[in-house]
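Counting from 1, the numbers follow the sequence of the chain as shown. Computed from a predicted structure; not experimentally measured.
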Amino acid sequence: MIIGATSAARVAAIEAVNLQARVALVLPPEASWQSHPCRDLYPHALAQIAEVNRPNQVRLSQPASYPWKYASLAIDRIEQQSSPALLASRGVDIVLGTGEFCRRPHLTFNVHNRSLRARAYLVATGSLPPCPLIPGLQETGYLVVDKLPTLIETSIPLHWAIIGEETIGVELAQTLVRLGCRVTLIIETEQILPYEDLDLARQIQAQLEADGVNIYLSTRISSVNLDLNSKVIQCGEERISVDEIFIALPERPLVETLNLVDVKVDYNEKGISIDKKLRTSHPQIYACGSVCGNVLGGYTSNSLTEYEAKIAVKNALSWRKTKIDYQSYNYLPWAVYTDPPLARVGMTVDTATNSNRRDLIILEENFKNCTQSILTNKTSGLIQIIVTRKGRILGAAIIGQNASELIEIIAIAIQHRLKITDLNTFPSLSLSYAELIARTAQAWRESVGDQRGWQNNWLKRWLNI
């Protein structure tokens, strides 16, 4: 039995069907954006149409509503790929309703008047929007990602304040200004994207400011209140008046309604506690995804949650348990979908720079040296690959056009234990951004060649060359 409406829950259901198991999927009773498996994709859908139809440096008196309608339609089409009807056609029993665990007389999951019993249970309920403890915010009102689609029914706010350091806030800030809105981004940390390399984060910040986003760093909000038709944010002695507030803070795991205490499943404010086999403190109950509080590089990641879901299903259905390879978490690619995008995998540049290892080399190549970048006039960007002197690839970071696609090539190379010399012979098209990877790999040859110069001189001397 799988509990939850998240993308991880639906991936788990399909995986269980493929393993020829009988599967029941418990979903919330009514379709809502809070239970929508693709709700986090809504800002990305907005970003796509904002890039195509952004205003010509003109501030609008009222932002158009059609991009929001387009985003909703796009998300609906994506959701159909794993809709309850499609899952049911593949053999998944769909149970609508909210329920809770009960341990007497035996472990069951009760939904309304039904007691559902299974060999194993997988909790993939995901997380809920944050409840920020800012004085006056609850009374004033604010938006989270679940509420963005509801703006279609009203007028789109013109002036926004985005509070928080989560990536969705940075991405949405750029999207909104390109849709003609005025945006103020307020962050408590010293840099945007606090888990990223400082230089790369500053490049993203510079682009946001060039687009028109007003950014406040290291800023703590003291209170929020209403003033006529405006929402006023008090930051020290400064007052910021906006039409709407969006919260981009870490979400909280959805565990309150499951009655986990009764079945003695350990959890805390960060989520359900699991072992390396994704099993909770109850041997029949497994958990995966953001309900466990697991993150990738400091942020939640769909690739991580879906990876966990498949492992959890296999462990629940077989006697031979597979341990989660936590090292593999570092080799799952991750990206910030701004323009230009920022993507990374494995070891970060900051970690490599601050480590005491003397065998690490940071290779760099600029997008301005790429043929495709020159032809498309998108020469702003940088690729960094971290390798050892023996050529082992430990990580990479890319900022620039098509960064999210390029990072997948390096992620595959890391997963298959390829060396940087293998990327040097990577067969890329001359008119593609993948040319940058081969160029960066060539820089390793030159770097190692310089470091081994004394060896070459000794060899020449010994051979009397």
Closest approach of [X] and [Y], non-hydrogen atoms and distance?
X      : Y      : result
Arg320 : Ser318 : O-OG, 2.9 Å
Thr125 : Leu254 : OG1-O, 2.8 Å
Asn259 : Phe101 : ND2-O, 2.9 Å
Gly4   : Ala9   : O-CB, 3.3 Å
Pro130 : Val144 : CD-CG1, 4.4 Å
Val291 : Pro253 : O-CB, 3.5 Å

So, [X] versus [Y]: side-chain donor-acceptor pair below 3.5 Å or not?
X      : Y      : value
Gln207 : Asp211 : yes
Thr371 : Tyr433 : no
Glu209 : Gln205 : yes
Glu238 : Tyr216 : yes
Gln80  : Asp76  : no
Ser127 : Glu251 : yes

Between [Y] and [X], is there a side-chain heavy-atom distance shorter than 4.5 Å?
X      : Y      : value
Glu196 : Arg344 : yes
Thr184 : Trp160 : no
Leu360 : Leu394 : yes
Thr167 : Val170 : no
Phe246 : Leu148 : yes
Pro129 : Val145 : no
Leu137 : Ile245 : yes
Ile362 : Ile385 : no

- Query: Can you tell which of Leu406, Ile412, Ile414 makes a side-chain contact (heavy atoms from CB on, under 4.5 Å) with Ile410?
  - Reply: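 Testing each of Leu406, Ile412, Ile414 against Ile410, the sole residue satisfying side-chain contact (heavy atoms from CB on, under 4.5 Å) is Ile414.
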Value rounded to 0.5 Å, distance of [atom1] in [X] from [atom2] in [Y]:
X      : Y      : atom1 : atom2 : answer
Thr257 : Ile3   : OG1   : CD1   : 9.5 Å
Lys310 : Cys288 : NZ    : SG    : 12.0 Å
Ile386 : Thr351 : CD1   : OG1   : 7.5 Å
Ile285 : Lys264 : CD1   : NZ    : 12.5 Å
Glu15  : Leu122 : CD    : CG    : 11.5 Å
Leu193 : Thr338 : CG    : OG1   : 7.5 Å

- For the residue pair Trp68 and Tyr42, does the interplanar ring angle fall in the parallel (under 30°), tilted (30 to 60°) or perpendicular (over 60°) class?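 Trp68 and Tyr42: tilted rings.
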- Query: So Lys277 and Asp275, salt bridge (Lys or Arg N to Asp or Glu O under 4.0 Å) or not? Walk me through it.
  - Reply: CA-CA 5 Å; Lys277 299 173 184 176; Asp275 60 16; over 6 Å; no
- Query: If you draw a 6.0 Å radius around CG in Leu133, do more than 12 non-hydrogen atoms from other residues or ligands fall strictly inside?
  - Reply: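 Count not over threshold, so no.
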- Task: With salt bridge (Lys or Arg N to Asp or Glu O under 4.0 Å) as the test, would you mind laying out the steps for Arg178 and Asp339 before giving the verdict?
- Result: CA-CA 11 Å; Arg178 293 186 173 186; Asp339 181 21; 2.7 Å; yes
- Query: Tyr195 and Glu165: side-chain hydrogen bond (donor to acceptor under 3.5 Å, both in side chains), yes or no, with the steps?
  - Reply: CA-CA 10 Å; Tyr195 299 104; Glu165 67 279 358; over 6 Å; no
- Task: If a pair satisfies side chain to side chain donor-acceptor pair (under 3.5 Å) and one of its residues is in residues 393-422, list it, with sequence neighbours excluded.
- Result: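 Found none.
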- Please name all residues satisfying side chain to side chain donor-acceptor pair (under 3.5 Å) with Glu244, sequence neighbours left out, ordered by chain then number.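 Side chain to side chain donor-acceptor pair (under 3.5 Å) check on Glu244 returns Lys231.
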- Task: Only counting residues at least two apart or in another chain, list the ones meeting side-chain contact (heavy atoms from CB on, under 4.5 Å) with Ala120.
- Result: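 In terms of side-chain contact (heavy atoms from CB on, under 4.5 Å), with neighbours along the sequence ignored, Ala120 is linked to Tyr286, Ala316.
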